[in-house]
Amino acid sequence: MAPAASELKLGKKVNEGKTKEVYELPDIPGCVLMQSKDQITAGNAARKDRMEGKAAISNTTTSCVFQLLQEAGIKTAFVRKQSDTAFIAAHCEMIPIEWVCRRIATGSFLKRNPGVKEGYKFYPPKIEMFYKDDANNDPQWSEEQLIEAKFSFAGLTIGKTEVDIMARSTQAIFEILEKSWQPQNCTLVDLKIEFGVNILTKEIVLADVIDNDSWRLWPSGDRSQQKDKQSYRDLKEVTPEALQMVKRNFEWVAERVELLLKTKSQGRVVVLMGSTSDLGHCEKIKKACATFGIPCELRVTSAHKGPDETLRIKAEYEGDGIPTVFVAVAGRSNGLGPVMSGNTAYPVVNCPPLSSDWGAQDVWSSLRLPSGLGCPTTLSPEGAAQFAAQIFGLNNHLVWAKLRSNMLNTWISLKQADKKLRECTLRKHLQSSS
């Protein structure tokens, strides 16, 4: 069990940056304390000022952002918020690369790419990387340079697979945060992040911080309303009044970033089963819905034996104003899905529990429908839940974030499996030839 805040003992200082200090935690093996400073900098600290309260603002922003990403399924170093100005993180050996993801061309990109006008939009987002080297102003690197550097951190060599994972993760993280800011009518213009290798798990995880120094954020997509650190960079002269303006911008972001963890959008899945013999199949749908944070109710009704009751249940869910996806689970002759589809404007998906005996014949009652009906069919309970999640994700950034994270994690697992197989094959080849 982790010690309480009052008992937390600090070990040696592991690192100190421009805006934070990192300490070992002897009582929590494999973890460090990330302590923010009341300091704001720009241009590799060419401009540096004390801003009272910035540590707390940055810590709030980072903690909320990492919580959002972690709950979505992104692997991060974040463990928990420890105090107003510090959080606990997994101890990582940091990879000295700043990964930048851009949706809109602005800032240094325009200087490096003359002829591109501010506001040019990248589809998909533009990924760039910069080697952390203050003396040389963090030069831009290519993937090939990073691979050829042959870095090794916590025993993990950074090769093509690891670079691809970081690049793909950078895009997914940007898109999740971009989607999360949209309900606040804010445009995430670009984002800067860093990765580290967890010293215990040897995994690449999102590390360091994501605060108001890490992105450009334009309310209503309007650059003149910018609320990020660019408002500090753009100051011709740093005065107490100007710093107060910058601080108000940072506070504005910290207040709204907490809203990223919530959604006003509602939604539920209602699974209708023809009989309780299908309960096991339906429980799998409910369990899969829970992974997306979607409430799921199970009901028993037969469109063949009690069509009036089926339509009464349908009306019950249509009448309370909560967006609903119906999932019809009926074996043999599936009348449930088509009857529901023909009598509601809500989405209906068939998920028949096919038997090995007659499944090939029974499935046609879900596939061959009268004209005017539109209920798709999926045989997988998890697929039915994902179908519902994709519908709700259109208006619910938290559900969408889980879907996007699932895509990323599936891709990463395939990439790592391929690497492992190739390494195994190479070892066997070397053994046989020796």
Side-chain angles (χ1 to χ4, degrees), residues 42 61-62 64-66 68-69 72-74 76 97-130 138 140-143 163-195 206 208-234 249-250 252-253 256-257 259-261 263 390 393-408 411:
T61 304
T62 285
C64 288
V65 170
F66 274 105
L68 169 72
L69 293 169
I74 299 293
T76 81
I97 295 291
E98 288 184 344
W99 290 83
V100 176
C101 190
R102 305 180 187 275
R103 177 66 77 189
I104 299 174
T106 189
S108 67
F109 184 87
L110 301 179
K111 296 177 184 176
R112 289 180 285 108
N113 296 272
V116 178
K117 294 181 179 178
E118 183 169 59
Y120 182 94
K121 289 192 174 182
F122 302 106
Y123 301 109
K126 184 86 170 173
I127 305 293
E128 297 179 307
M129 67 180 82
F130 299 86
D138 299 343
Q140 185 174 6
W141 269 25
S142 65
E143 289 189 1
V163 171
D164 288 348
I165 286 172
M166 287 187 282
R168 187 66 68 107
S169 297
T170 297
Q171 180 175 337
I173 290 163
F174 174 86
E175 289 175 353
I176 288 171
L177 294 178
E178 177 184 47
K179 189 83 168 180
S180 299
W181 274 111
Q182 285 172 358
Q184 308 299 321
N185 192 27
C186 285
T187 298
L188 184 63
V189 175
D190 50 36
L191 175 69
K192 175 182 68 178
I193 59 176
E194 295 179 34
F195 295 92
L206 175 66
D208 195 52
V209 299
I210 297 180
D211 59 16
N212 210 31
D213 296 5
S214 307
W215 53 33
R216 285 186 176 88
L217 198 62
W218 296 351
S220 304
D222 183 356
R223 188 186 189 282
S224 67
Q225 297 183 47
Q226 62 189 5
K227 298 294 183 182
D228 51 81
K229 194 171 79 169
Q230 192 64 38
S231 60
Y232 173 71
R233 295 188 191 101
D234 289 348
N249 285 342
F250 276 56
W252 186 94
V253 172
R256 280 158 183 78
V257 80
L259 299 176
L260 304 189
L261 298 170
T263 178
Q390 287 170 332
L394 294 171
N395 297 301
N396 184 326
H397 69 275
L398 298 180
V399 173
W400 191 91
K402 288 182 170 67
L403 287 164
R404 184 66 182 87
S405 180
N406 283 354
M407 285 172 54
L408 171 68
W411 186 91

Practice task
Test I176 against W400 for side chain to side chain contact (heavy atoms under 4.5 Å, CB included), laying out the working first.
Solution key: CA-CA 8 Å; I176 288 171; W400 191 91; 4.2 Å; yes
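- Across K179 and L394, no two heavy atoms sit closer than the pair NZ-O, 4.3 Å.
- Atoms OH and CZ, from Y123 and R103 in turn, are 6.5 Å apart once rounded to the nearest 0.5 Å.
- No hydrogens or angles considered: a donor-acceptor pair under 3.5 Å links the side chains of E175 and Q171.
- One distance of note links CD of Q182 with CG of N395; it measures 11.0 Å at 0.5 Å rounding.
- Residues C186 and P219 approach most closely at SG-CA, 4.0 Å, considering heavy atoms.
- Counting heavy atoms from C-beta outward, L398 and L68 have side chains that approach closer than 4.5 Å.
- Side chain of D138 to main chain of F130: no donor-acceptor pair is present (N/O by atom type, distance under 3.5 Å, no hydrogens or angles).
- Between Q225 and W218, the closest side-chain pair of non-hydrogen atoms is not below 4.5 Å.
- Looking only at distances, a side-chain donor or acceptor of S405 sits under 3.5 Å from a matching main-chain atom of A72.
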Exercise for the section: Carefully, step by step, assess E194 and E98 under the rule side chain to side chain contact (heavy atoms under 4.5 Å, CB included). Expected result: CA-CA 5 Å; E194 295 179 34; E98 288 184 344; 4.0 Å; yes
Exercise for the section: Could you please spell out the steps behind the side chain to side chain contact (heavy atoms under 4.5 Å, CB included) verdict for L191 and I210? Expected result: CA-CA 9 Å; L191 175 69; I210 297 180; 4.0 Å; yes
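- Side chain of H397 to backbone of L260: a donor-acceptor contact under 3.5 angstrom is found.
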Problem - Derivation of the side chain to side chain contact (heavy atoms under 4.5 Å, CB included) call for I97 and M129 - result: CA-CA 6 Å; I97 295 291; M129 67 180 82; 3.7 Å; yes
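- Proximity of a side-chain donor or acceptor of T76 to a complementary backbone N or O of L206 within less than 3.5 Å is not detected.
- Atom-to-atom distance recorded for T170:OG1 and I127:CD1 is 5.5 Å, nearest 0.5 angstrom.
- The existence of a salt bridge linking R112 and E128 is confirmed by a sub-4.0 Å separation between a basic side-chain nitrogen and an acidic carboxylate oxygen.
- Counting all heavy atoms, side chain and backbone alike, Y232 lies closest to A42 at CE2-CB, 3.8 Å.
- Residues passing the side-chain contact (heavy atoms from CB on, under 4.5 Å) test with R168 are L408, W411, sequence neighbours excluded.
- Aromatic pair W181/W215: ring centres closer than 6.0 Å.
- In the displayed structure, K126 atom NZ is contacted under 6.0 Å by at most 12 heavy atoms of other residues, nucleotides or ligands.
- Checked against a 6.0 Å centroid threshold, the rings of F174 and F122 do not count as neighbours.
- Donor-acceptor pairing under 3.5 Å is recorded for the side chains of Q226 and D234.
- With sequence neighbours left out, R216 forms a salt bridge (charged side-chain N to carboxylate O under 4.0 Å, His left out) with D190.
- The closest side-chain donor-acceptor pair between S231 and N249 falls under 3.5 angstrom.
- The two residues V116 and F109 make their nearest non-hydrogen contact at CG1-CE2, 4.0 Å.
- Side chains of T263 and P183 form no contact here, defined as non-hydrogen atoms less than 4.5 Å apart.
- When atom types are taken as modelled, the side chain of N396 and the backbone of V399 share a donor-acceptor pair closer than 3.5 angstrom.
- S180 contributes atom OG, which lies 9.5 Å from atom CG of L188 (distance to the nearest 0.5 angstrom).
- Taking every heavy atom of both residues into account, G221 and T187 meet most closely at CA-OG1, 3.3 Å.
- Closest heavy-atom contact between E143 and A167: OE2-CB, 4.1 Å.
- Atom-to-atom distance recorded for L177:CG and C101:SG is 10.0 Å, nearest 0.5 angstrom.
- The local environment of OH in Y120 is sparse, with at most 12 non-hydrogen atoms from other residues, nucleotides or ligands closer than 6.0 Å.
- Rounding to the nearest 0.5 Å places CD1 of I104 at 11.5 Å from CZ of R102.
- A donor and an acceptor atom, one from each side chain of D222 and S220, are nowhere located under 3.5 Å apart.
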